[in-house]
Amino acid sequence: MRGIWVVGVAALCWSLGLAAQAPEAVPERESREDVRVLFDVSGSMRHNDPERLSASALTLLAALLPAGSRAGLWLFGETVSEALPVAEVDADWRERALALRPRLVEYEQYTDIEAAVRDAAEASANGPRQLVLFTDGMVDLPAPAGGGKAERDAASRQRLLDELAPALAEEGVTLHAIAFSAEADLALAERLAQVGGGLAAQVESADGLLQAFLDILERLFPVDQLPLEAGRFLVDDGVAGISALLLREPGEGLVIVDPEGGRHDAEAPGQGLEWLSESHFDLVRIDDPLPGEWRIEGTLGDASRLHLDADPVLRHGALPATLYTGFPLPLEAWLVSQGQRLSAEESATWRVRARLQGLGGEALAATELGPEGTAFVGRLPGAELAGNARLLLEASRDGVRRQRLQAVNVLPAIEARDAGERVELAARHPDLDHANTRLEAFLLGEALAVETGEPGQWRIPLPPLEGDAAVPLLMRAEIDWRGETLRLDLPRLLLNPDARLALEAFEASESLAGEALEGAAEPRETGPAPRTTAERIETQLRELPRAVEQGWRRYHDDPRLWGGLVALLFLLVIIVAMSGARRRARRRPREEPHV
């Protein structure tokens, strides 16, 4: 049975024909790079990967790596094993890769990420390398003789970040990291990816894992795509073939309906279709598809893709893997037909747009690229929120659409953390320093001093916070960058976040609207924001009964809370009474002046 399965995958991989596209589909630089994938086989994977999604990821890798590329596989836990040495990807390589699926459940006790990255990066090194780290945990080494395990783990993690990753980046090694589980060291994954120019993602589901893995593969080997919207896609006369990756729930079937009403599924794909089903996805090749609207019946995952063999195709300039909040991104794109750029006259009949979108498809930023000769150029506005995102480029004309999709990490340009008596800020953007960056901070409407520290670092001394209350610190930056001045509102930092009461921030200016705190609860539906201090306090007073009820349920044995509540209630009643008197005075009828 396994032999039949392997033959089926090999046949479909050949039929997908990713390497047979026009030369521009896989840039020459990328086609020479080794792809080295590191699979975590530590014991915790037994708990964190009960559905064996790592095996699905391995199947996806074997199916989507273009023929002629070079790749190798490593397994690591307490030890590191070069399971499949780097070699040219062909039918034999795919078969040997798939044969490794049973070894993914031969678990080991510990997780030596440093050794895995070092061994995979250095083995038979002969040029640029792309490392893909797949792990569910953090650095976890055996305790040395005499104890000190925590110190040993911390030292290995620090060497990985401060020594190994920068050294590999200088050698041309790009490191991508997928942190699979809530217990994974996401901060480590993000920093490794940032240093090495790669992608990082934390996933906790089948769709998330396969989507993150596919994002990395498409960055290594970019391909043209056809838009898939609400299970429908429109095929034009220039499409010679479609390679569909369709994500779905286990046990659910999909049906593809062609423009003539013909129905195709995994059991009866029909003429011109090849179909292979895995536990969480289907791989389908459609040769010479009929022009017109196709549709897919069934529930599709958001990461489903339609890769194209078509003419013309869309091309673009280099796209960074990391963007920074508030920083715009210059873009350039063009169209290619029969291996040549379209002329300026032909290009002018097309429309090219760019959109940065979240993992759920929500728009984070968008722009239209204007024609300049044979190219289209534009500038994407900087995103306001950090996180994983995708940059979508689309060219369209008369019902013909071509897309390019590239995953990106959006990082905060400046990070802030509460260090007790002060707030510490550090630049994540590599171009920021004391000379070109000016920071401001406001606490309850009062400006605070901002002091410089080490290069790219600042600190804000905090005044004593009286009472049992959490208050937001509002911060903004003014940055001189490439001949222009950028103004960024930094995310609000909540000081004393464990306090049982939260005070409303007095806005220093209308432009200092804070972003939602990462990990905070979803906001409730509210009416228009109060405009004055008295109105804000009246709003809090209306919320007071609910707060008292929650306080009774959680803290009825703590007398400090009740003292604070009584004092706050007394103050609010006085202010509300004064506010009411002012409003009554404003409503008093105006008397006519006496002559």
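Basis for what follows: all heavy atoms, side chains included, without hydrogens, waters or symmetry-related copies. For reference, positions follow the sequence shown, starting with 1.
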[X] versus [Y], closest heavy-atom pair with distance:
X	Y	result
Gly301	Ser304	O-OG, 3.0 Å
Val203	Ala212	CG1-CB, 3.9 Å
Arg96	Ala87	NH2-CB, 4.5 Å
Ala407	Arg219	O-NH2, 3.1 Å
Leu226	Leu234	CD2-O, 3.5 Å
Leu186	Ala201	CD1-C, 4.4 Å

Are [X] and [Y] packed together at the side-chain level, in the sense that at least one heavy-atom pair is separated by less than 4.5 angstrom?
X	Y	result
Leu393	Leu314	yes
Asp224	Arg315	yes
Phe233	Ile242	yes
Val257	His264	no
Pro291	Asp236	no
Trp350	Pro312	yes
Val410	Leu364	no
Val35	Val37	yes

Requested in this report: Please name all residues satisfying side-chain contact (heavy atoms from CB on, under 4.5 Å) with Val377, sequence neighbours left out, ordered by chain then number.
Outcome: Glu332, Glu372

Query - Test salt bridge (Lys or Arg N to Asp or Glu O under 4.0 Å) applied to Asp136 - qualifying residues, sequence neighbours left out - result: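 Counting only residues at least two positions away or on another chain, Asp136 forms no salt bridge (Lys or Arg N to Asp or Glu O under 4.0 Å).
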
Look only at the side chain of [X] and the backbone of [Y], and say whether a donor-acceptor pair between them is shorter than 3.5 Å.
X	Y	result
Glu95	Asp92	no
His307	Val223	no
Arg390	Gln406	no
Trp275	Gly270	no
Gln194	Arg428	yes
Asp287	Ala240	no
Thr325	Ala413	yes
Thr322	Asn409	no

Side chains of [X] and [Y]: do they bring a donor and an acceptor to under 3.5 Å?
X	Y	answer
Thr59	Arg101	yes
Thr79	Glu108	yes
Thr111	Asp140	no
Glu218	Gln225	yes
Ser243	Arg305	no

Measure the [atom1]-[atom2] distance between [X] and [Y] for me, rounded to the nearest 0.5 Å.
X	Y	atom1	atom2	result
Leu359	Asp302	CG	CG	9.0 Å
Phe221	Leu65	CZ	CG	5.5 Å
Ser81	Trp74	OG	CH2	10.0 Å
His316	Leu391	NE2	CG	8.0 Å
Arg232	Trp294	CZ	CH2	14.0 Å
Phe76	Ser42	CZ	OG	7.0 Å

Report task. Determine which pairs satisfy salt bridge (Lys or Arg N to Asp or Glu O under 4.0 Å) with at least one residue from residues 351-371, sequence neighbours left out, and list them in order. Result -> Arg351-Glu368, Arg353-Glu394

Requested in this report: Determine which pairs satisfy salt bridge (Lys or Arg N to Asp or Glu O under 4.0 Å) with at least one residue from residues 244-262, sequence neighbours left out, and list them in order.
Outcome: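 Pairs touching residues 244-262 that pass the test: Arg248-Asp282.
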
Query - Results of ring pair (Phe, Tyr, Trp, His ring centres under 6.0 Å) for Tyr324 - residues two or more places apart only - result: His429

Query raised in the report: Can you name the ring pair (Phe, Tyr, Trp, His ring centres under 6.0 Å) partners of Phe39, sequence neighbours left out?
Result: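 Once residues adjacent in sequence are excluded, the partners of Phe39 under the ring pair (Phe, Tyr, Trp, His ring centres under 6.0 Å) criterion are Phe134.
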
Report task. Determine, stepwise, if the pair Leu245 / Leu247 fulfils side chain to side chain contact (heavy atoms under 4.5 Å, CB included). Result -> CA-CA 7 Å; Leu245 171 62; Leu247 274 66; 3.8 Å; yes

Query raised in the report: Would Val41 and Glu106 count as a side chain to side chain contact (heavy atoms under 4.5 Å, CB included) if you check the C-alpha gap in whole Å, the side-chain angles of each, and the deciding distance to 0.1 Å?
Result: CA-CA 7 Å; Val41 293; Glu106 296 176 358; over 6 Å; no

**Report entry** Over-ring placement of Arg341 relative to Trp334, 6.0 Å and 45° cut-offs
**Finding:** yes

Query raised in the report: Of Leu73, Ile216, Leu175, which meets side chain to side chain contact (heavy atoms under 4.5 Å, CB included) against Val132?
Result: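 It is Ile216; the other options fail the test.
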
Query raised in the report: Just one of Val195, Ile113, Leu168 clears the side chain to side chain contact (heavy atoms under 4.5 Å, CB included) bar with Leu160, so which one?
Result: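 So the option named by the test is Ile113.
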
Query raised in the report: Which is it for Leu75 and Arg103 under the side chain to side chain contact (heavy atoms under 4.5 Å, CB included) test, yes or no, and what are the steps along the way?
Result: CA-CA 8 Å; Leu75 307 179; Arg103 292 187 57 184; 3.8 Å; yes

Query raised in the report: Would Ile286 and Val284 count as a side chain to side chain contact (heavy atoms under 4.5 Å, CB included) if you check the C-alpha gap in whole Å, the side-chain angles of each, and the deciding distance to 0.1 Å?
Result: CA-CA 7 Å; Ile286 308 175; Val284 184; 4.2 Å; yes

